[in-house]
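These notes are about the structure you will find just below.
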Amino acid sequence: MSKAYDYAKIEKKWQDIWDEKQTFAAKDDYSLPKFYGLVEFPYPSGQGLHVGHPRSYTALDIVSRKKRLEGYNVLYPMGWDAFGLPTENFAIKNHIHPSIVTENNIANFKRQLKSLGFSFDWSREINTTDPSYYKWTQWIFLQLFKKGLAYKKKMSVNWCTSCKCVLANEEVVNGHCERCGSEVVHKEKSQWMLKITDYAEKLLEGLNDVDFIDRVKTQQRNWIGRSYGTQVKFTASTGDEFEIFTTRADTLFGATYMVMSPEHPLIEKWADKIENMEEVLAYKQEAAKKSDFERTELAKDKTGVKLEGVTAINPVNKKELPIFISDYVLISYGTGAIMAVPAHDDRDWEFAKKFGLPIIEVVSGGEDVQNAPYTECATGKMVNSGFLDGLSVEEAKKAMQKWLADNNLGCVKTNYKLRDWVFSRQRYWGEPIPVVYCEKCGYVPLPESELPLVLPNVDSYEPTDNGESPLAKMTDWVNTTCPHCGGHAVRETDTMPQWAGSSWYFLRYCDPHNDKEFASKEALEYWCPVDWYNGGMEHTTLHLLYSRFWHKFLYDIGVVPNPEPYAKRTSHGMILGENGEKMSKSRGNVVNPDDIVRDYGADTMRVYEMFIGDFEKAAPWSQSSIKGSKRFLEKVWALNEKLTDGEEYRPELEANFNRTIKKVTEDIEGLKMNTAIAALMSLLNDIQATGSITRGEYRTYLLLLNPFAPHMTEELWEICGFGGMLNEAKWPTFDESKCVDSAVEIAIQVNGKIKARINVPAEIAAPDAIALAKEDSAVAEAIGGKTVIKELYVPKKLVNIVVK
RNA sequence: GCGGGUGUGGCGGAAUUGGCAGACGCACUAGCCUUAGGAGCUAGCGCAUUAGCGUGCAGGUUCAAGUCCUGUCACCCGCACCA
């Protein structure tokens, strides 16, 4: 009597065995070939695991399990990115300490992950809120500080009105907070900044050497936004020199006015020279008041104020140009000032039309520039441009750059859209920034020996309306002595953003219990870089960019062995609700993984999520489709009753097995789990048609299915007595020459239309195949009485006879 | 506006060095079994009465096009006054 497929019992049994035996612990034997697979560690929220998490985790679990069977020493770790606002907010609301909330959430997440049978190495579990972990996050911050890459600056920052906290540029989406969706406004604040802009070029260049999917590379490139241009020196009527940045130095003769950002420092300096200073200041105030959202909304309508009493001189033709201020020129990009060439720039043209400014054509080849700007630069020729006349745009650009350089009026310059990373947050639940402020010595880093600087217990974690961190109220903690002069000093009370701990966590996994270094040199040299990293597209310009930045910095100071942290990056699509919308509580379409595991089992859940569709694309959840995966596994289970002796593949299935091994092996590497499963289903159908399965066939089948459905296959392996545990067996191999059946069905076409199908030997010669094709009655009829012009045989596919 | 991507049955999706479109699964239909169930088994399942027609649409190249070329439409994602 055979056992029924009792998934609940089987899954529990194997999960316990794996735990007890530490089956999936990575070995410290550095002589073995290694594979480091990584998935983004979750934020342990109170809601528990989302069905989206297992999509990523299962995919790399499959890769990891296959790599182990292929003999690799695999590191597939998991941990917790546990600092963050939701935990803090929950703690505030329920009067529980955030560390307790975190602990509870982690326990729940861990239970859920274990219930899905992921082969994580739990002995290397890390937690970003653990002082023994964030000690090293702080240590890295100190290194950045020492190299001048962390600095404090008073500036206009993005302020989330609901989180009561500053945000990095990367965290602002359409003028709203990336996390909570509330409106973002500008606020003048002194903030810690990280100079990621110093790494713009390296972050860009590094992309050429890694295997990231194209859309990730493209998005990062766009975000960094490199542009090659020219910086040109202008002189104002006040005698002050100022610079502008342009990518169109060729159009310098077409400049008819200048625009400065309202925040440009010269505006203040010229306060007594500008005749309409009141109007200018009013405009500046108005611009500052606008939120990011309003600014984008109003982007179409150009506004500005002309400076009365101050003008600029165009260095190429000495023409006097009016100067405007307008918020379409950003203080944070380039030099905060531009020359405006309305004939050849959309924005300048719009502004010129609105303010009735002259439009002078300097590139010919377009329509009348009075009607529309001509921005095309591939074909035009220079006109009205003195020594540039007749040149192409590209030639003119070079000639102008040379002229400017020769006359000491400008230089070539590369600009980036990327801005420095706003690194402080006015919240409690984050890593304390290990710096004190001393009246005498300024900002002084804590000595490394004093790390970790532990987050103190406070009575209230409530964010404050005045924009101060809750830690500021802890006067005992705040008041301290200066490590440099021993005098009075105050601690930094802002904390680090959530992205800090996740910027280097993959390094800690290499050597998670090391209390001397963040990881030993040997461990890093063996395990790095991460061979394959899968994660969400939403992290492309946040976590992925930030962690590459930190890693490149660590490489530059000689503490990590590779310039890039991740050799390969892939990304999964979202799992949507059954209605095709994003899963959310408010839409009521959330699926809880616990329910699926309970009702169908972890193996079914894993197979279903992999079979749901193209891994990279979003896919709607379908409760009824899960049944297909369940039926599939039940059929595989039922085969153990049809077992017959024999270690070989039966001749009629030999090619099929070889093909399937090839397909599954290659599809796993290509993240095409859906077609790998389809191939296994197809093979199963063919096996079922024979009414039995040999031991050798079953053994191979279970190995192929194991990465997808690890519990059930281990159980069947044991039931069948295949020896040892499946996870210790070897991944099956295939013989390319045996992948094709000896006889194949080919299609016969006449003039490209299918007339018949016949079976022929796989290695049949073309003339023989064509002759056989002509014997078919339907084919004979179709070509009867006509002249054959051409006859083709595509091996193993078809014959096409062309007639007239 | 710029950048990236996608359009294939009722649904999720296969198939791209050009070579049998719709693999695999869901749903559906019919039949069997039945302890009556939202279980299992068998068969069918792109459209069309036929010749035929079919991969967003219109052309083109080719013996042969979902796949290549030209044009066009729709939708999704990212960035967004970056000079």
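Naming: A, B, ... by sequence-line order, numbering from 1 per chain.
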- Message: If I compare all heavy atoms of Pro342(A) with all of Ala352(A), which pair ends up nearest, and what's the gap?
- Response: CB-CB, 3.5 Å
- Task: Measure across Ala709(A) and Val607(A) and return the closest heavy-atom pair with its distance rounded to 0.1 Å.
- Result: CB-CG2, 4.3 Å
Taking only the [atom1] atom of each, what is the distance from [N] to [M] in whole angstrom?
N      : M      : atom1 : value
U16(B) : G22(B) : C1'   : 15 Å
C41(B) : C33(B) : C1'   : 8 Å
A43(B) : G10(B) : P     : 25 Å
U49(B) : G66(B) : C1'   : 29 Å
C26(B) : A74(B) : P     : 37 Å
C47(B) : A21(B) : C1'   : 14 Å
A36(B) : U42(B) : P     : 23 Å
U62(B) : U72(B) : C1'   : 23 Å

- Query: For Phe245(A) and Ser624(A), take the nucleotide of RNA chain B holding the closest heavy atom to each; which residue's nucleotide lies nearer the 5' end?
  - Reply: Ser624(A)
- By nearest nucleotide on RNA chain B, pick out whichever of Thr675(A) and Asn685(A) is the more 5' one. Thr675(A)
Using a strict cut-off of less than 4.0 Å between a Lys/Arg side-chain nitrogen and an Asp/Glu carboxylate oxygen, indicate whether [X] and [Y] qualify as a salt bridge.
X         : Y         : value
Lys662(A) : Glu736(A) : yes
Lys397(A) : Glu394(A) : yes
Arg569(A) : Glu40(A)  : yes
Arg226(A) : Glu201(A) : yes
Asp599(A) : Lys630(A) : no

- Item | Full working for side-chain hydrogen bond (donor to acceptor under 3.5 Å, both in side chains) between Asn534(A) and Thr570(A) | CA-CA 5 Å; Asn534(A) 187 75; Thr570(A) 54; 2.7 Å; yes
Return the nearest nucleotide to the side chain of [X]; candidates are [options].
X         : options                : result
Tyr328(A) : G78(B), C81(B), C24(B) : C81(B)
Lys672(A) : G19(B), A15(B), A83(B) : A15(B)
Lys617(A) : G7(B), C79(B), A83(B)  : G7(B)
Asn222(A) : G3(B), C26(B), A83(B)  : G3(B)
Asp345(A) : G4(B), A83(B), A21(B)  : A83(B)
Lys753(A) : A83(B), C53(B), G12(B) : C53(B)
Leu798(A) : G40(B), G19(B), A83(B) : G19(B)
Leu792(A) : C79(B), C63(B), C26(B) : C63(B)
Asp614(A) : G13(B), G19(B), C24(B) : G13(B)

Using whole Å, what does the distance between atom [atom2] of nucleotide [N] and atom [atom1] of [X] come to?
X         : N      : atom1 : atom2 : result
Asn751(A) : G19(B) : CG    : C1'   : 16 Å
Gln219(A) : G4(B)  : CD    : C1'   : 8 Å
Asp667(A) : A14(B) : CG    : P     : 11 Å
Lys630(A) : C24(B) : NZ    : C1'   : 20 Å

Any side-chain N or O of [X] below 4.0 angstrom from OP1/OP2 of [N]?
X         : N      : result
Arg631(A) : A27(B) : yes
Lys627(A) : A27(B) : yes
Ser227(A) : A83(B) : yes
Tyr333(A) : A83(B) : yes
Asn674(A) : G25(B) : no

- Query: Any donor-acceptor pair under 3.5 Å between the side chain of Lys417(A) and the base of C79(B)?
  - Reply: no
- Message: Can you confirm whether Leu798(A) sits close enough to Ile748(A) that some side-chain heavy atom of one is under 4.5 Å from a side-chain heavy atom of the other?
- Response: no
- Could you write out RNA chain B as a dot-bracket string, with dots for unpaired bases, | for bases paired across to another strand, and Watson-Crick or G-U pairs counted at under 3.5 Å? (((((((..(((......[....))).(((((.......))))).((....))..(((((..]....))))))))))))....
- Task: State the syn/anti category of G52(B) according to its glycosidic angle, syn meaning within 90° of 0.
- Result: anti
- Query: Base, sugar-phosphate, or nothing: which does Ala337(A) touch, judged by heavy atoms less than 4.0 Å apart?
  - Reply: nothing
- List the steps, then state whether side-chain hydrogen bond (donor to acceptor under 3.5 Å, both in side chains) holds for Trp499(A) with Glu170(A). CA-CA 11 Å; Trp499(A) 313 106; Glu170(A) 289 80 1; over 6 Å; no
